[in-house]
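For reference, the structure is listed below as structure tokens.
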Number of protein chains: 2
Amino acid sequence: MARRGEGAIIATMTSPSDDSDPPRHPCGACAFGEASVWRPVAPELRARLAQGFRRRQLARDEAIYAQGAPANTVYCLSRGLVALRTTREDGHYSFVRLVRPGEIFGFRSFLARQPHDTEARALTAARVCVVAAREAREVVEGSPQVLGGLALRCAIELRRSRDLRAHSRRGDAGGRLLRLIRDLSADQAPDADGVVRFRLPLSRADMAAALGLAPETVTRRLRRLCEAGALRISGRQVELPAPAAEGGG
Amino acid sequence: MARRGEGAIIATMTSPSDDSDPPRHPCGACAFGEASVWRPVAPELRARLAQGFRRRQLARDEAIYAQGAPANTVYCLSRGLVALRTTREDGHYSFVRLVRPGEIFGFRSFLARQPHDTEARALTAARVCVVAAREAREVVEGSPQVLGGLALRCAIELRRSRDLRAHSRRGDAGGRLLRLIRDLSADQAPDADGVVRFRLPLSRADMAAALGLAPETVTRRLRRLCEAGALRISGRQVELPAPAAEGGG
DNA sequence: CGCGGGGTTGATCACGATCAACGCAAGTGG
DNA sequence: CCACTTGCGTTGATCGTGATCAACCCCGCG
């Protein structure tokens, strides 16, 4: 439950317990059964929830919903990574949020009853649990605890967003970039030698958008980070050496 | 109900209807009775809400709660302006949010059941409605609609925060600064000649923190804006000429 | 009178944006 | 199999911007 580093670009939710969790309600089948927003669902609503529930397998780069689309579903990511982006009329796009396993998305539009203001797209092969808005509303209206959980997630997300904004200027681009990559590697288990090797789920343009930089700057800073020995990167392939226990606090 | 400009630094909630609204429930006394989060309070809970309810008059620069303080209250601003700021260990502080009349604050910590991560301070003489967390929780647990309203506010705030982050880099510092000042003047009625005259509620340092700039840059850009005729400013006193109907769509 | 905080000004400089060109790999179609 | 295209990433050159450090000013205040 330890709070992640002050300036963490991306924070994790609770860690998945085990996949062997018995599927007691629709969402119980995923690893986040206990932590699911739908968890304390009233028995009489369980069937209703099951009705609006379905699971979806996503290929890398597959779209989940488009910007401006009506928000008639709430999503929970059980595997993989999902990016939330917005494109504006002038063509500029920004990286709104990275969704990690166990997190829900699409709920902001669901709560506000507005069309999605972001586009959701799988960054890797992924699996999402989908709950139709109609059933979701019934469940939410029937069980205040679920609504409370939703509100809590929203509050958490709000804090994260604020932290992001506050820290978006802190330090130089290199430091922020390194932090972003470290955060992206958080799910990856280190190799035997302590080095974390993984495929970067974000393009240079994505990283640039996430950090408020130009793609060229990302390239250059990455190279400087390489030269400084902070990491090795070739294309999307990253090697992140053990952080040498520098995380004091 | 028209949505504010895309890049509005600060968005307004609903406009106050009238002060003559009969005080049907504790919050009915303020101008936002109809729009209050506590509004659809169940009759049996009204007394409970009244118990935890009180009103507070604030002088300019008076603190409402400190960063790190336990979040045992939820606030609704009925008059004046309030600033939410965070200070970090290294001394740097950031301007998290400006609270306008009709908006609630302190609810994020209330929802997350965490101590306040921001400090709240009145920027002008202000009046807040305070609801004790204990009673607030009872009301929220007893009436899902109130919780729903709270969640909605949270969702709105989340969107605002995201927009802020996405736009925080857009355009040059001068443009963002002018937009900030225009937003700050939104409550002010224009003079007979169409010029809006008001006292700036933010210090240079606050504006800098809100925009991610250095105070010196704020000073310089303000002067350039003056020279360009976009506004007149002397100390905290601002004159904002009519925006020449440039607000297209 | 000295003090202190907020605000201003000046000089300097590193940083990152921008534009343009190029490399490279993965598709695509013949 | 090879030309062609397309998108992503890289490199280079240039330039404006805003951060930083330092000094100073102004004003209120004890």
Side-chain angles (χ1 to χ4, degrees), chain A residues 59-63 83 85 87 90-95 121 123-124 166-181 199-228 231-238, chain B residues 59-61 83 85 87 90-95 121 123-124 166-181 199-228 231-238:
Chain A
R60 176 195 297 175
D61 216 45
E62 190 176 346
R85 307 181 176 97
T87 314
D90 59 12
H92 273 100
Y93 86 96
S94 54
F95 196 94
R121 192 175 288 270
L123 286 173
T124 67
H167 292 119
S168 69
R169 301 270 183 170
R170 298 296 307 149
D172 58 351
R176 285 183 281 142
L177 189 52
L178 184 55
R179 218 161 48 194
L180 171 63
I181 293 179
R199 182 193 145 87
L200 203 58
L202 300 186
S203 69
R204 303 290 190 263
D206 274 337
M207 290 188 283
L211 297 175
L213 300 172
E216 295 96 327
T217 304
V218 169
T219 289
R220 282 187 252 262
R221 300 309 294 224
L222 276 180
R223 191 144 61 89
R224 284 178 56 179
L225 284 172
C226 281
E227 289 165 4
L231 55 79
R232 296 189 57 197
I233 186 168
S234 162
R236 294 270 182 114
Q237 212 53 39
V238 183
Chain B
R60 176 195 299 176
D61 217 43
R85 306 180 176 98
T87 314
D90 60 12
H92 273 100
Y93 86 96
S94 54
F95 195 94
R121 192 175 288 270
L123 287 173
T124 66
H167 293 120
S168 70
R169 300 270 182 168
R170 298 297 306 149
D172 59 351
R176 287 183 279 143
L177 189 50
L178 185 55
R179 217 163 49 194
L180 171 62
I181 292 180
R199 181 193 146 86
L200 203 59
L202 300 185
S203 70
R204 302 290 189 264
D206 274 336
M207 290 188 285
L211 297 176
L213 300 172
E216 296 96 326
T217 305
V218 170
T219 290
R220 283 186 253 263
R221 299 310 292 226
L222 275 181
R223 192 143 63 89
R224 283 178 58 178
L225 284 173
C226 282
E227 288 165 4
L231 54 78
R232 295 189 55 196
I233 186 168
S234 161
R236 294 272 182 114
Q237 211 54 38
V238 183

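Chain A is the first sequence line, chain B the second, and so forth, proteins listed ahead of strands; every chain is numbered from 1.
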- What's the CG-P distance between A/Asp172 and D/dT20, to the nearest Å? 11 Å
- Expressed in angstrom and rounded to an integer, what is the separation of B/Arg223 atom CZ from D/dG18 atom C1'? 15 Å
- Message: Quick check: closest heavy atoms across B/Thr124 and B/Pro201, and the distance to 0.1 Å?
- Response: CG2-CB, 4.3 Å
- Item | 4.5 Å side-chain heavy-atom contact, B/Leu225 and B/Ile233 | no
- Task: Have a look at A/Met207 and tell me which of A/Leu177, A/Thr219, A/Thr217, A/Leu213 forms a side-chain contact (heavy atoms from CB on, under 4.5 Å) with it.
- Result: A/Leu177
- Note on the structure: Closest heavy-atom pair, B/Ala214 versus B/Ala208, reported as atoms and distance to 0.1 Å, is C-CB, 3.8 Å
- Query: Got a sec? Which of residues 212-220 of chain B come in under 4.0 Å of DNA chain D, heavy atoms?
  - Reply: B/Gly212, B/Leu213, B/Ala214, B/Glu216, B/Thr217, B/Arg220
- Query: CG of B/Asp61 to CG of B/Leu123: how many Å apart, nearest 0.5 Å?
  - Reply: 8.0 Å
- Integer-rounded Å distance: D/dC8 C1' and A/Ile233 CD1: 13 Å
- Rounded to 10°, the angle between the first-five-pair and last-five-pair axes of the helix from C/dC1-D/dG30 to C/dG30-D/dC1 is 30°
- DNA chain C: 5'-most and 3'-most nucleotides touching chain A, 4.0 angstrom heavy-atom criterion: C/dG16 to C/dA20
- Euclidean distance, B/Arg179 CZ relative to B/Leu211 CG, rounded to 0.5 Å: 9.0 Å
- Using the salt bridge (Lys or Arg N to Asp or Glu O under 4.0 Å) rule, collect all pairs that involve residues 209-222 of chain B, keeping only residues at least two apart or in two chains. B/Asp172-B/Arg221
- Could you state the CE-C1' distance from A/Met207 to D/dC8, rounded to the nearest angstrom? 12 Å
- Item | N/O (side chain, A/Arg204) to phosphate O (OP1/OP2, D/dG7) under 4.0 Å | no
- Query: For A/Arg236, what residues pass the side-chain contact (heavy atoms from CB on, under 4.5 Å) criterion, not counting sequence neighbours?
  - Reply: A/Arg199, A/Leu200, A/Ser203
- Message: Over all strands shown, is B/Arg224 touching base, sugar-phosphate only, or nothing at heavy-atom distances under 4.0 angstrom?
- Response: nothing
- Nearest whole angstrom, please: distance from the P of D/dC27 to the CZ of B/Arg236. 16 Å
- Would you name the heavy atoms of A/Arg204 and A/Gly235 that are closest together and state the gap between them? NH2-O, 2.8 Å
- Message: Once side-chain contact (heavy atoms from CB on, under 4.5 Å) is applied, do any residues pair with A/Ser94, and if so which ones, sequence neighbours excluded?
- Response: A/Thr86, B/Ala166
- Which whole-number value in Å describes the distance from A/Leu222 CG to D/dC8 P? 17 Å
- All heavy atoms of A/Phe95 vs all of A/Ala209, minimum pair found to be N-CB, 3.8 Å
